[in-house]
Number of protein chains: 2
Amino acid sequence: MGLQGAATRERILHEGLDLLTETGLSGVTLGALAQHAAMSKSGLFAHFSSIEEVQIELLDHMAEVSAAKVVRPAMLAAAGLPRLKALVNNWLGWTTKAGLRGGCPVAAALFELDDAEGPVRAKVLAMEAYWRGLLTQLTRQAVELGHLRADLDASQFVWELCGIYLSHHVSRRFLRDPRSEKRAQAAFAAMLDRSRSSEEENR
Amino acid sequence: MGLQGAATRERILHEGLDLLTETGLSGVTLGALAQHAAMSKSGLFAHFSSIEEVQIELLDHMAEVSAAKVVRPAMLAAAGLPRLKALVNNWLGWTTKAGLRGGCPVAAALFELDDAEGPVRAKVLAMEAYWRGLLTQLTRQAVELGHLRADLDASQFVWELCGIYLSHHVSRRFLRDPRSEKRAQAAFAAMLDRSRSSEEENR
DNA sequence: CAATAGCACGACCGGTCGTGCTATTCTTTA
DNA sequence: TAAAGAATAGCACGACCGGTCGTGCTATTG
């Protein structure tokens, strides 16, 4: 694969990411993708070996973008609660902040692929596992540093945090409620409130 | 439409509801539906004027089932917090309790139809609005009866409750985590804890 | 200048989608 | 029991799906 080929591949994935956020995995067809990349279906498909490979590479590309826009900036914050807060803040509505037109593809895929088997589901499962692992890790660190209660169940904390994220997604994308942002922030604040350690309570 | 026609229609909607919970709206195709109902595509289609009508009637049928299995039994509980608790309990994982093979179609549709326009989206939006309205109403009643804090924001409460429901859906259907039930119960209990009025705190 | 390799193209495959139109079979009723 | 009407099946359509194939253009290399 030469220079131009690699560039085209990049362009396909870049344009495709927008499509993915707007329509979900099922909307990423060769025809639609070709139209977005302004090239023929066959010309586009020459870069991949199956539509599943396209989907998986798009998910990989999304992971790179979110790592750059969501995770890395948050890691600059001080360890413990500040870092966790920063990550959650960057996470909520991250696609919009990243200049994408639609919503989080992983959130959509969690509902789209709940029954389907195969490599795409496995990919999404791995990404979700990684993400929840990261959240759990930062939560545990906040506990260790005394920012959160010592007896806090980190897994449960993350499980509820994901609920806030999903409710925010629905509220924003389906219900189109302008108060989505406030609701999510309030929910997160309330969850932190009852998770804080006593010596940190009045700050 | 004669007697037998009505019976067949009923059968189609009944079989179709299982299909809907398993595959979501996009999986409810005329072919798949005909196979489930053991009849020809065209014979089945003669009962409807468009696939959208099929989808809307399926959603209506789902609403009837959930009214019978989720709402009405909960209404027998004492007004206020007991009734709210009963409703949430029946709500979580209600499709399984109703003998359906898949997950809640509305939850799936909230992610499937976030961009699509048209009557099906409108139908789901109306159903979701009705449902959140019902939850809000019961929450307000619990406040009025002194079971929950007087200064509780009922809308925010319901918003967070929906987050628990969505996280439960994902946890159960996509992640296939056997602890889903416990997680959801714990989250709901924690939310009630910080919403209870002071005179009810130690019960 | 000729040979090669990378890249994109249009045409086409079998299959499924929603949706008409027409024919046949069943049920009901006069 | 025969006519009427409802219920179902058969069949064809255009659009789109993922995917293959042969062709031509362009740029590099010998």
Side-chain angles (χ1 to χ4, degrees), chain A residues 1-16 19-20 22-59 105 108-109 112-113 115-123, chain B residues 1-16 19-20 22-59 105 108-109 112-113 115-123:
Chain A
M1 184 172 54
L3 266 175
Q4 191 182 334
T8 305
R9 235 183 120 98
E10 273 306 304
R11 204 187 73 228
I12 293 171
L13 292 177
H14 186 259
E15 304 286 336
L19 181 63
L20 177 60
E22 285 175 311
T23 65
L25 280 166
S26 72
V28 180
T29 70
L30 294 179
L33 203 48
Q35 216 162 350
H36 270 246
M39 60 188 298
S40 73
K41 232 175 69 174
S42 54
L44 182 145
F45 189 64
H47 293 269
F48 307 91
S49 63
S50 75
I51 187 69
E52 285 189 338
E53 188 190 311
V54 177
Q55 295 175 331
I56 289 174
E57 297 222 4
L58 272 175
L59 288 169
E112 208 177 333
L113 303 179
D115 275 314
E117 298 300 327
V120 180
R121 180 186 205 280
K123 176 78 190 175
Chain B
M1 184 172 58
L3 265 177
Q4 189 181 334
T8 305
R9 236 181 120 99
E10 274 305 304
R11 205 186 73 227
I12 293 171
L13 292 177
H14 186 260
E15 304 285 336
L19 181 63
L20 176 61
E22 285 176 311
T23 66
L25 280 167
S26 73
V28 180
T29 69
L30 294 178
L33 205 48
Q35 215 162 350
H36 272 245
M39 61 188 296
S40 75
K41 233 174 73 171
S42 55
L44 182 146
F45 189 61
H47 292 268
F48 307 92
S49 63
S50 76
I51 187 69
E52 284 189 336
E53 189 190 310
V54 177
Q55 295 174 331
I56 290 175
E57 298 223 4
L58 272 174
L59 288 169
E112 207 177 332
L113 304 179
D115 275 315
E117 297 301 329
V120 181
R121 179 186 205 283
K123 178 74 191 178

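So that the names make sense, note that chain A is the first sequence line, chain B the second, and so on, each numbered from 1.
Rounded to an integer number of Å, the gap from CZ of B:Phe48 to C1' of C:dG20 is 17 Å. Regarding B:Arg9, its CZ atom lies at a distance of 11 Å from the P atom of D:dA7, rounded to whole Å. Protein atom CD of A:Glu52 is 14 Å distant from nucleotide atom C1' of D:dC17, rounded to whole Å. The nearest whole Å value for the distance from the CG atom in A:Leu44 to the P atom in C:dC7 is 14 Å. Between the P atom of D:dA9 and the NE2 atom of B:His47 lies a distance of 9 Å, rounded to the nearest Å. Going from atom CZ of B:Phe45 over to atom P of D:dG10 covers 17 Å, rounded to whole Å. One interatomic measurement links the two molecules: CD of B:Gln55 to C1' of C:dG18, which rounds to 11 Å at whole-angstrom precision. Nucleotide C:dC17 holds its P atom 15 Å from the CG atom of B:Leu25, rounded to whole Å.
For the side-chain hydrogen bond (donor to acceptor under 3.5 Å, both in side chains) test, residues two or more places apart in sequence or in another chain that qualify with B:Glu57 are B:Arg9.
Partner of A:Leu33 under the side chain to side chain contact (heavy atoms under 4.5 Å, CB included) criterion, out of A:Ile51, A:Leu20, A:Leu13, A:Leu44: A:Leu44 alone.
In the set C:dT19, D:dG19, C:dG18, D:dG19 carries the atom at the smallest distance from any side-chain atom of A:Leu30. Side-chain proximity of B:Ala46 to the nucleotides D:dG18, D:dG19, D:dT8 is greatest for D:dT8. Closest to the A:Lys41 side chain, of the nucleotides C:dC17, D:dC17, D:dT8, is D:dC17. Nearest to the side-chain atoms of A:Ser42 among the listed nucleotides D:dC11, D:dT8, D:dC21 stands D:dC21.
Looking at heavy atoms from C-beta onward, A:Lys123 lies out of side-chain contact with A:Gln55 at the 4.5 angstrom threshold. Within the 4.5 Å cutoff, the side chain of A:Glu22 has heavy atoms near those of the A:His36 side chain.
Only at 4.0 angstrom or more do the heavy atoms of residues 31-40 of chain A sit from any atom of DNA chain D, so none qualifies.
Across every non-hydrogen atom of A:Thr23 and A:Val28, the tightest pair is OG1-N, 4.0 Å. Between B:Val120 and B:Glu52 the shortest heavy-atom distance is CG2-CG, 4.0 Å.
Taking side-chain N and O atoms only, A:Ser50 has no distance below 4.0 Å to OP1 or OP2 of D:dG18.
Judged by distance alone, with hydrogens and angles left aside, the side-chain atoms of A:Glu112 form no donor-acceptor pair with the main-chain N or O of A:Gly24 at under 3.5 Å.
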